[in-house]
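Since the structure comes first, as C-alpha cells, the remarks are kept for the end.
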Amino acid sequence: MPRALLSVSDKTGIDDFGRGLVARGFELVSTGGTARALAGAGLAVRSVSDLTGFPEMMDGRLKTLHPALHGGILARRDRPEDIAELERHGLGLVDLVAVNLYPFVKAAADPATPFDALLEEIDIGGPSLVRAAAKNFRSVLVVVDPADYPRLLAAIDESPSLAFRYELARKAIAHTAAYDTAITATLATVEVAGDRFERRPDAGALTDRLDLSLNKIRDLRYGENPHQQAAWYRGSTKAGAAAGLGQAAVLQGKELSYTNLLDLDAAARLVLEFDEPAAAVIKHTNPCGAAIGDSISEAYLRAREADSLAAFGGIVALNRPVDAATADLLVSTFIEAVVAPAIDGAARDVLARKTNMRVVTADFTPLRSGGVEVRSVLGAVLAQERDCVTEAHQPWSRNLTAVGLRVVTKRQPTAEEWEALRFAWRICAHVKSNTIVFTDARRTLAIGAGQMSRVDAVNVAVMKARAAERPLAGSVAASDAFFPFPDGLEAVAGAGATAVAQPGGSVRDAEVIEAADRHDLAMVFTGRRHFRH
C-alpha cells in the first residue's frame, strides 16, 4: 500500500484530498492538528508516532525528524541497497508528502507578536520533509499548495509524469525558499537591547542582506521594445499578501504590455496622494493631466481636458470605483487602459463597448504608507524607501511648522494660493525631473517634464499651455527641486504664476527670493526635494 504523509498548517481542502488518496489506495500518516482534521472527516489515519516509535516531544517541537520518515522519503527506489537498508531496520517507504509550513508570515505581519512567539513559528521538520521529498521527486510526490490537490489526484490516476513530478518539486523548493526569505527579513527588524529582543518593523527596510521572493504572474508579449523579452512578477506586502499590481484583476481588453504596467504604476502612485476623488492621465510615465473633483467623473474629466491632445491613448488611474458616468467619459475617447479600485456593475456594460481597452482593478491601499522599492542597474540592484509626499497630507495654511514649511517672501500666499500650492506640490513629485508644473487648486494647467534645466521645463509648460489656449495668469507653480539661479523663477513669473512651492536649499536662495519679491510672488520652501528618475 502506498503511503502518504500529510502535515499541513493550511488545512484548506485537506479532508477532500485525504478522501481522494484513500480512494486510490493510500495509507494516511499524519501529525497533530492534521491528523485530527482527517479523523474528524471520518478517515483512517495513522499517527507519525506509530511509525517512529516516539511520541511528539517538547510541545510538538519534535515530531517528524526521524529516520522512519526521512528514510522512507529519501530511499532511491532504483537502488536495491537503499530498499534493503530500510527493510533491515523495519522501515517502510513514503510515496507522497503533503506539507505546508507554520504561519510565520502571518505572525510576523502583526507587530505585536513577541519575539519568542515568532521563534516558535519557525518550522523545522516541515522544510526538512519538503526538501527531502523534492530531492527524491522521481519517486516521491510532494505538494505544498492546496490548489494543486485536484491536479495531483488526477495525475495519480494517469501515473504522474516525470515533468509533473519535477514541477511540484520546484514549487516545493520555492515554497521553502520564500519561507526562509520571510524569516530572514523579519529577524532583520529585531534588535537586542540588553537581554531583551525588540521588534522594530521600520529597522529592516534596508538591511545588510536583501532577499527577494517573486512569483511570475505571466510572460508579457515583449518588453519596452519587441526584441526584448519580459515577464510580470508578484511581490508581497509586509502582511505577506500581494497588493497593487501584484493582485490586479484584468477585467477586459487586450493583454497588458510592459509599458502599460509602468504607466499604470505611475498613474496609481499619483492618485494615491489624494483623499479626495482624484484622476490622472499618464503617457510614458508622466502625467498629461491630473485633477480632483467632487466626484470621480468630475475629476477624470478635468484631468483629461488638462491636456486633451496628449491624453489621447493615455493610461488612466482613479482612486474611486468607476461608476456609469465615469465609464461614459472613458469610452468617449481613446484610452489604452484604466485602473481603479473597483468597477460598478452598471459601468462594466458601458466599458465593454471598448473591447480593446484594458480595464484593471487593484487595491493599492496597503501601499499608501510607503515601503521599499528595488530597481536594477547594470550589474547591481538599488533599493530605496518609496517617496511619499507626507508633508502635503494636511492643509498647509493651518500649521506651517507641523509640516516643515516656510514662507520666505514678503507676501504670504492667499487662502486660494495655499490650496493650489498643496495640490501642485503633490503633482510635481510624480513628474520626471527636472519638472515645473502649473496648476490651480483642482487640476493641472501645464506640465514641463523631464527637462535638463528648470528654464527648459518652464518653456515646455508654457508652450503646451499656449497650444491649448490656456492662459497661466493667476496659476501657481511647483518645482520638484530648488531653483539654482533666479532665471527659472523669473520664467515662472513671466508665465503668469502668482505663487511658487519649491524645496529651497540653493546657495543662491537669497537671489531667488529677491526675484520673487520683485515680481510680488508668494514663495514657500517645503524643505523636501522630490526628484523622480
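Predicted, not measured: the structure shown is a model, and the values here were computed from it. Along the sequence shown, residues carry numbers from 1.
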Counting N and O atoms only, with roles assigned by atom type, does the side chain of [X] sit under 3.5 Å from a partner on the main chain of [Y], one being a donor and the other an acceptor?
{"X": "S506", "Y": "F482", "value": "no"}
{"X": "D323", "Y": "A347", "value": "no"}
{"X": "D263", "Y": "T285", "value": "yes"}
{"X": "E391", "Y": "T526", "value": "no"}
{"X": "Q252", "Y": "M357", "value": "yes"}
{"X": "S128", "Y": "I124", "value": "yes"}
{"X": "S308", "Y": "R304", "value": "no"}
{"X": "E167", "Y": "R165", "value": "no"}
{"X": "R406", "Y": "G527", "value": "no"}
{"X": "R375", "Y": "L382", "value": "no"}

Heavy atoms only: give me the nearest [X]-[Y] pair and the separation to one decimal.
{"X": "G20", "Y": "L153", "result": "C-CD2, 3.8 Å"}
{"X": "Y222", "Y": "Y258", "result": "O-CB, 3.6 Å"}
{"X": "S9", "Y": "P103", "result": "OG-CD, 3.2 Å"}
{"X": "V105", "Y": "A182", "result": "CG2-CB, 3.6 Å"}
{"X": "Q247", "Y": "A362", "result": "NE2-CA, 3.3 Å"}
{"X": "R302", "Y": "G293", "result": "NH1-CA, 3.6 Å"}

For [X], does the [atom1] atom sit with more than 12 other heavy atoms under 6.0 Å from it, leaving out its own atoms?
{"X": "L309", "atom1": "CG", "answer": "no"}
{"X": "K135", "atom1": "NZ", "answer": "no"}
{"X": "Q229", "atom1": "CD", "answer": "no"}

Problem - Whether W425 and W396 hold their rings parallel, tilted or perpendicular, with breakpoints at 30° and 60° - result: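 If you compare the ring of W425 with that of W396, the planes turn out tilted.
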
Practice task
Specify whether F274 and F423 have parallel, tilted or perpendicular ring planes, treating 30° as the upper limit for parallel and 60° as the lower limit for perpendicular.
Solution key: tilted

Handout entry: Residue pair F525, Q502: steps toward the side-chain contact (heavy atoms from CB on, under 4.5 Å) verdict
Key = CA-CA 5 Å; F525 280 7; Q502 61 131 322; 3.3 Å; yes

Is there side-chain contact between [X] and [Y], with at least one heavy-atom pair below 4.5 Å?
{"X": "T259", "Y": "E224", "result": "yes"}
{"X": "F115", "Y": "L187", "result": "yes"}
{"X": "T12", "Y": "Y149", "result": "no"}
{"X": "D10", "Y": "P146", "result": "yes"}
{"X": "F197", "Y": "L119", "result": "no"}
{"X": "V437", "Y": "T444", "result": "no"}
{"X": "V350", "Y": "V322", "result": "no"}
{"X": "N286", "Y": "I447", "result": "no"}

Starting at [atom1] of [X], measure out to [atom2] of [Y] and round the result to the nearest 0.5 Å.
{"X": "R269", "Y": "D265", "atom1": "CZ", "atom2": "CG", "result": "4.0 Å"}
{"X": "I122", "Y": "T186", "atom1": "CD1", "atom2": "OG1", "result": "9.0 Å"}
{"X": "F334", "Y": "K354", "atom1": "CZ", "atom2": "NZ", "result": "8.0 Å"}
{"X": "Y300", "Y": "E305", "atom1": "OH", "atom2": "CD", "result": "8.5 Å"}
{"X": "I335", "Y": "R358", "atom1": "CD1", "atom2": "CZ", "result": "12.0 Å"}
{"X": "I315", "Y": "E336", "atom1": "CD1", "atom2": "CD", "result": "5.5 Å"}

Polar contact flag, side-chain donor to acceptor under 3.5 angstrom, [X]-[Y]:
{"X": "T390", "Y": "R528", "result": "yes"}
{"X": "D480", "Y": "S433", "result": "yes"}
{"X": "D145", "Y": "H175", "result": "no"}
{"X": "N434", "Y": "R454", "result": "yes"}

Practice task
Before giving the answer on side-chain contact (heavy atoms from CB on, under 4.5 Å), spell out for L445 and D440 the whole-Å C-alpha distance, their side-chain angles and the decisive distance to 0.1 Å.
Solution key: CA-CA 7 Å; L445 300 174; D440 60 24; 4.2 Å; yes

Ion pair [X]/[Y], N-O distance below 4.0 Å:
{"X": "D328", "Y": "R353", "value": "yes"}
{"X": "D148", "Y": "K171", "value": "yes"}
{"X": "R368", "Y": "D275", "value": "yes"}
{"X": "R442", "Y": "D294", "value": "yes"}
{"X": "D180", "Y": "R131", "value": "yes"}

Exercise for the section: Report yes or no: is the cationic atom of R170 (NZ for Lys, CZ for Arg) under 6.0 Å from the centre of the six-membered ring of Y166, at an angle within 45° of the ring normal? Expected result: yes

Practice task
Would you sort out whether F364 and V271 count as a side-chain contact (heavy atoms from CB on, under 4.5 Å), showing the intermediate values?
Solution key: CA-CA 10 Å; F364 290 96; V271 297; over 6 Å; no

Practice task
Apply side chain to side chain donor-acceptor pair (under 3.5 Å) to E255 and list each qualifying residue two or more places apart in sequence or on a separate chain.
Solution key: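 So E255 forms no side chain to side chain donor-acceptor pair (under 3.5 Å) with any residue.
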
Problem - Stepwise side-chain contact (heavy atoms from CB on, under 4.5 Å) check, F531 with D387 - result: CA-CA 9 Å; F531 270 163; D387 187 23; over 6 Å; no

Practice task
Mind checking ring pair (Phe, Tyr, Trp, His ring centres under 6.0 Å) for H227 and listing every partner two or more places apart, or none if nothing turns up?
Solution key: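 Not a single residue meets the ring pair (Phe, Tyr, Trp, His ring centres under 6.0 Å) criterion with H227.
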
